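Okay, here's the structure, questions in a sec.
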Amino acid sequence: MNKTILLLLILVSLNVRAQFIKEKSIDVSIGYGLSAPYDDVKINGIGFYAQGEFVLSLAKWIDLRPYAGLILTMDNEGDDGLGTPDYQSIANAALIGGKIRLTAPIPWVAPYIEGGVGASIGSFETYTPLT
């Protein structure tokens with residue numbers, strides 16, 4: 001009985017991998033932040049955008065990507081000079097979430113599909129004359 005349990009433990013332990021994450025890296029995006037409504041008006045906000053992803057590669061074709069980001073924009077139009085109200089498009093928010101990326105392992109090209117869930121904390125304000 002003891003020999004059977006020992007043999008079973010040895011066989012199971014040969015297939016167990018303690019570290020299933022192959023690679024770890026950080027992907028950082030920094031750039032121009034934009035906040036604009038869908039209406040055909042000249043109202044928008046410009047500013048700063050930054051996002052960081054912690055990339056956990058499980059295999060060549062699958063990645064887990066927890067992320068955090070920040071977008072800060074302000075109204076760049078101001079008063080239109082005609083005495084009409086100052087319409088706004090402002091976004092100040094922190095972003096947090098996680099994504100999974102499935103990549104086709106094709107040489108020279110790596111098409112992928114990505115999905116995930118996230119949340120934003122902050123304020124998004126858009127006031128336009130049409131909406």
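Because the structure is a prediction, the values reported are computed rather than measured.
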**Asked** Hey, is OH on Y112 packed in by over 12 heavy atoms from elsewhere, all under 6.0 Å?
**Response** no
**Fill in**
Taken to the nearest 0.5 Å, the spacing of L58 CG from D63 CG works out to 7.0 Å
**Request:** List the steps and the verdict of side-chain contact (heavy atoms from CB on, under 4.5 Å) for Y49 and I30.
**Result:** CA-CA 6 Å; Y49 170 78; I30 299 173; over 6 Å; no
For residues 91-106, please give each side-chain donor-acceptor pair under 3.5 Å, one per line with the distance, not counting sequence neighbours.
residue: N92; atom: OD1; partner: T73; partner atom: N; Å: 3.4
residue: K99; atom: NZ; partner: E53; partner atom: OE2; Å: 2.5
residue: R101; atom: NE; partner: E114; partner atom: OE2; Å: 3.0
residue: R101; atom: NH2; partner: E114; partner atom: OE2; Å: 2.9

**Message:** Would you say F48 ends up clustered with V28 if hydrophobic residues are merged whenever their side chains have heavy atoms under 4.5 Å apart, either directly or through other cluster members?
**Reply:** yes
**Request:** Treat each ILVMFWY residue as a node, draw an edge where side-chain heavy atoms are under 4.5 Å apart, and state whether V117 and I121 are in one component.
**Result:** no
**F54 side chain reached by R65 side chain, heavy atoms, under 4.5 Å** = no
**Asked** Is it true that I113 and W61 fall in one hydrophobic cluster, defined by side-chain heavy atoms closer than 4.5 Å?
**Response** yes
